[in-house]
Visitor: 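Below is a structure I'd like to ask you about.
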Amino acid sequence: MDTMGTLRRTHYAMQALEASPGERLVVAGSVAKSRDLGGLVFADLRDNTGILQLAFGGDTAPDIFEKAASLRSEDVVMAEGLLRLRESPNDELPTGRLELFVSDLRILSRAETPPFEVRDEVPVGEDLRLRYRYLDLRREGLHETIRLRSQITRAVRDYYLDHDFVDIETPVLIKSTPEGARDYLVPSRVQPGRFYALPQSPQLYKQILMLSGFDKYFQIARCFRDEDLRADRQPEFTQIDMEMAFVDEGDVRAANEAMVCEVFEKVLGVKLSAPFPCMPHSEAMARFGSDKPDTRFGLELCDVSGIVGDCGFGVFSGAVQAGGSVRLINAKGLAEQLSRKEIDRLTETAKTYGAKGLAYLRLAEGGESSSYEKFLSDAEKAALRAAAGAEAGDVLLLVADGDATVFAALGAVRLAIAKKQGLIPEGVYNFLWVTDFPLFERDEESGRFVAVHHPFTMPKEEDIPLLESDPGACRAKAYDMVVNGVELGGGSIRINDPALQAQMFRLLGFTEERAQQNFGFLMEAYRYGAPPHGGMAFGLDRMVALMARRESIRDVIAFPKVQNAGEPMSGCPDLVDEGQLDELHIRSTAPATEADAEG
RNA sequence: GGCCCGGUAGUUCAGUUGGUUAGAACGCUAGCCUGUCACGCUAGAGGCCGUGGGUUCAAGUCCCAUCCGGGUCGCCA
């Protein structure tokens, strides 16, 4: 193996485009591919920027040529030579008209045959990619995505800094507040039996920073939630977190809308149409069955409770009389596409979300069929069809249940149809604000009210009288930024009145002691003068995934975790020494080794 | 915790109603080749069919359990 000696890189692969033929270049990187033609050897050198072909043969010194012939994929090399035009250019490659005719080749590190080919074209299972993440990261697609992420975070920082926000780091070891998601806990060595939590977000600290006179804060913050993973959820993830003082809802929205527009323009060259439309939460639910509606296609919901509330079909009338509703989607002109089998599949989707079934009316060319019409009177049938705007070729899909179930089921059915039938246009960013969220929702298990957003969220002024009389009808100064069915971020105006905050805690069922114990320091801080303030937080990983057009946020995180919350490359979480546990004053309740597990 | 899908050469996959010696492509190794770029040609190596039980004359194939990966519901203030 060779050393670099005094040789240093003069150009990255893509910088060859700015150099002239005849110029002397030194490049460095990995061998992406070598092609030995006998008297000629070509090697594709891959570096952080791209590919440049190295050429050997003809006048190449015999020792260099021999080295070139020995090159294998992923060997790390440094090459010096003259840039020249190729005899036969390759239009597929940005540098395809150029090659480096190598006079000095240093093989700096030999590579074993990798467990998979380091090329985007070759499909590889995700478990292998994560086990050998360093190889996966060499592949162009992922490599470029990670670089794109860096461009995005830079644009985000630039925006906030340019608008007088202060970048402030908040602690990672914090007090656990057992509301919301499960906390990751960290045992204290110095204070036996006590624990830190890792932050689920910098929420409390950023509010306190507003009381500290910073006025405008932002941070790109790592957050932790000990909950099960999804394609769009990791146990540790990154938030773009911000807060502003002396503002109301519209100010926060305007500031962050401008941020998103600037980032899209700078990074992707995409000009978003602003301002983003605002849609009240109730409208989003009624029309799309979701608080993060994908507005790129129709298939909106239609409430037919009024028509079937008294009908003879118990499934319908029962749901309405129990306080729920009957709603439908008209799959316009999809009667041929939505076969019985396809409807059965959609029924399964609906059932996943708690619906008892999916009633349908199929107006196909070959004849009508329906699971429910036989239970309705002619007048009811006609009224229902009219309400749905049903015509030949349509399919009506109905769910009858409590509102939450109806929305969840039909919202999912709506998405499933659109995906399957290709109704979702590509390359469109439909941004909107969902506003006027309810302040509280009923917890199914306990029956008590819990905060939809968090307990510091300011109610709408006009709804404050409802706090005591009808909490369920009370709306919050909370807003989500939604794009293409993805919740990109959300936030709220915070309560800055200690009395109102105390009332909130009481309504949420906190005892005085518990509120004091968990949030005493926060309530105390608010007693010393608190400006009106609010903010929001974005899921950076989701934003990058959206901009990089990736399905999973694992594809935009350098070292993501998998479904069991482990990290396959390093193998964490892992067992630790008994000694470490002793120092931390925690007894090991889980078996320390597999041998112990057997015994 | 529930449900669904998957696990077969290094990789991606195929493998019939259970039936002789488990295949392909790419990769890898060796040889040949002076303009390749998915180089080409020739030859070759490479398999505990995730693991453990069971059914059977016979299991990659059927059954049970378990491990691993993915999706999803619950969960995610």
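A note on names: the letters A, B, ... follow the listed sequences, proteins ahead of strands, and every chain is numbered from 1.
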Visitor: Is B/G74 paired to anything, Watson-Crick or G-U wobble with both distances less than 3.5 Å, and if yes, which nucleotide?
Guide: none
Visitor: Touch check for A/Val452, heavy atoms < 4.0 angstrom, all strands: base, sugar-phosphate only, or nothing?
Guide: sugar-phosphate
Visitor: When you measure from the centre of the six-membered ring of A/Phe116, is the NZ or CZ of A/Arg129 closer than 6.0 Å and no more than 45° off the axis?
Guide: no
Visitor: Calculate the interatomic distance between A/Glu348 atom CD and B/G2 atom C1'; express it in whole Å.
Guide: 14 Å
Visitor: Strictly distance-based, threshold 3.5 Å: is any side-chain N or O of A/Arg97 a donor or acceptor partner for the main-chain N or O of A/Asn90?
Guide: no
Visitor: Are A/Phe288 and A/Phe407 near enough that their ring centres are under 6.0 Å apart?
Guide: no
Visitor: Within this structure, what is the CG-to-C1' distance between A/Asp75 and B/G27, rounded to whole angstrom?
Guide: 15 Å
Visitor: Who pairs with A/Arg225 by salt bridge (Lys or Arg N to Asp or Glu O under 4.0 Å), at least two apart in sequence or on another chain?
Guide: none
Visitor: Quantified in whole Å, what is the C1' atom distance between nucleotide B/G18 and nucleotide B/G54?
Guide: 15 Å
Visitor: Give the rounded distance in Å between these two atoms: NZ of A/Lys419 and P of B/G71.
Guide: 12 Å
Visitor: Specify the separation, in whole Å, of atom CZ of A/Arg550 and atom C1' of B/G71.
Guide: 19 Å
Visitor: Using the P atoms only, state how far B/U29 lies from B/A59, rounded to an integer number of Å.
Guide: 38 Å
Visitor: I'd like to compare against my own output: the B/S/- annotation of nucleotides 33-45 of chain B with a strict under-4.0 Å heavy-atom distance to protein.
Guide: BBBBB-B------
Visitor: Base, sugar-phosphate alone, or nothing: which one does A/Arg131 contact when heavy atoms must sit under 4.0 Å apart?
Guide: nothing
Visitor: Could you let me know what B/U36 is paired to, Watson-Crick or G-U wobble, both distances under 3.5 Å, or none if it's on its own?
Guide: none
Visitor: Looking at A/Arg72, does any N or O in its side chain come under 4.0 Å of the phosphate oxygens OP1/OP2 on B/U29?
Guide: yes
Visitor: Would you give a per-nucleotide map of nucleotides 8-15 of chain B, 5' to 3', where B means the base has a protein non-hydrogen atom under 4.0 Å away, S means only the sugar-phosphate does, and - means neither?
Guide: --SSS---
Visitor: Rounded to whole angstroms, how far apart are CZ on A/Arg129 and P on B/G70?
Guide: 11 Å
Visitor: Can you tell me if A/Asp463 uses its side chain to pair, donor with acceptor, with the backbone of A/Arg475 under 3.5 Å?
Guide: yes
Visitor: Let me spell it out: for each of A/Thr352 and A/Ser201, pick the nucleotide of RNA chain B with the closest heavy atom. Which residue's pick is nearer the 5' end?
Guide: A/Thr352
Visitor: Taking atom C1' in both B/G47 and B/G74, what distance in whole Å separates the two?
Guide: 41 Å
Visitor: With P as the reference atom in both, quote the distance from B/G7 to B/C63 in angstrom, rounded to an integer.
Guide: 14 Å
Visitor: Using only heavy-atom distances, determine whether the side chains of A/His143 and A/Asn48 contain a donor-acceptor pair under 3.5 Å.
Guide: yes
Visitor: According to a strict under-4.0 Å criterion, is A/Arg542 in side-chain N/O contact with OP1 or OP2 of B/C76?
Guide: no
Visitor: What is the distance from CD of A/Gln563 to P of B/C67, rounded to the nearest Å?
Guide: 14 Å
Visitor: Under a 4.0 Å N-O cut-off, is there an ion pair linking A/Asp63 with A/Lys67?
Guide: no
Visitor: Near RNA chain B, counting only heavy atoms under 4.0 Å, which residues of residues 228-235 of chain A show up?
Guide: A/Asp228, A/Arg230, A/Ala231, A/Arg233
Visitor: Of A/Lys561 and A/His454, whose closest RNA chain B nucleotide lies nearer the 5' terminus?
Guide: A/Lys561
Visitor: Which whole-number value in Å describes the distance from A/Tyr353 OH to B/C4 P?
Guide: 16 Å
Visitor: My understanding is that only residues two or more places apart in sequence, or in another chain, count here; which of them pass salt bridge (Lys or Arg N to Asp or Glu O under 4.0 Å) with A/Asp47?
Guide: none
Visitor: Should B/G6 form a Watson-Crick or G-U wobble pair with both distances under 3.5 Å, which nucleotide is its partner?
Guide: B/C68
Visitor: Taking atom C1' in both B/C62 and B/G69, compute the distance separating them and give it to the nearest angstrom.
Guide: 24 Å
Visitor: Would you mind checking if A/Arg139 and A/Glu121 are paired as a salt bridge, meaning a charged N to carboxylate O distance below 4.0 Å?
Guide: no
Visitor: Check A/Ile493 against A/Tyr479 and note the closest heavy-atom contact, atom names and distance.
Guide: N-OH, 3.9 Å
Visitor: Roughly, in whole Å, what's the span from CD in A/Glu112 to P in B/G27?
Guide: 19 Å
Visitor: Whether A/Arg110 and A/Asp75 form a salt bridge (side-chain N of Lys/Arg under 4.0 Å from carboxylate O of Asp/Glu) is what I want to check.
Guide: yes
Visitor: Only pairs with both distances under 3.5 Å count, Watson-Crick or wobble alike; so what is the partner of B/G44 in this structure?
Guide: B/C28
Visitor: Should the pair A/Lys460-A/Asp436 be classified as a salt bridge under the 4.0 Å nitrogen-to-oxygen rule?
Guide: yes
Visitor: Report the residues that fulfil salt bridge (Lys or Arg N to Asp or Glu O under 4.0 Å) with A/Arg233, sequence neighbours left out, ordered by chain and then residue number.
Guide: none
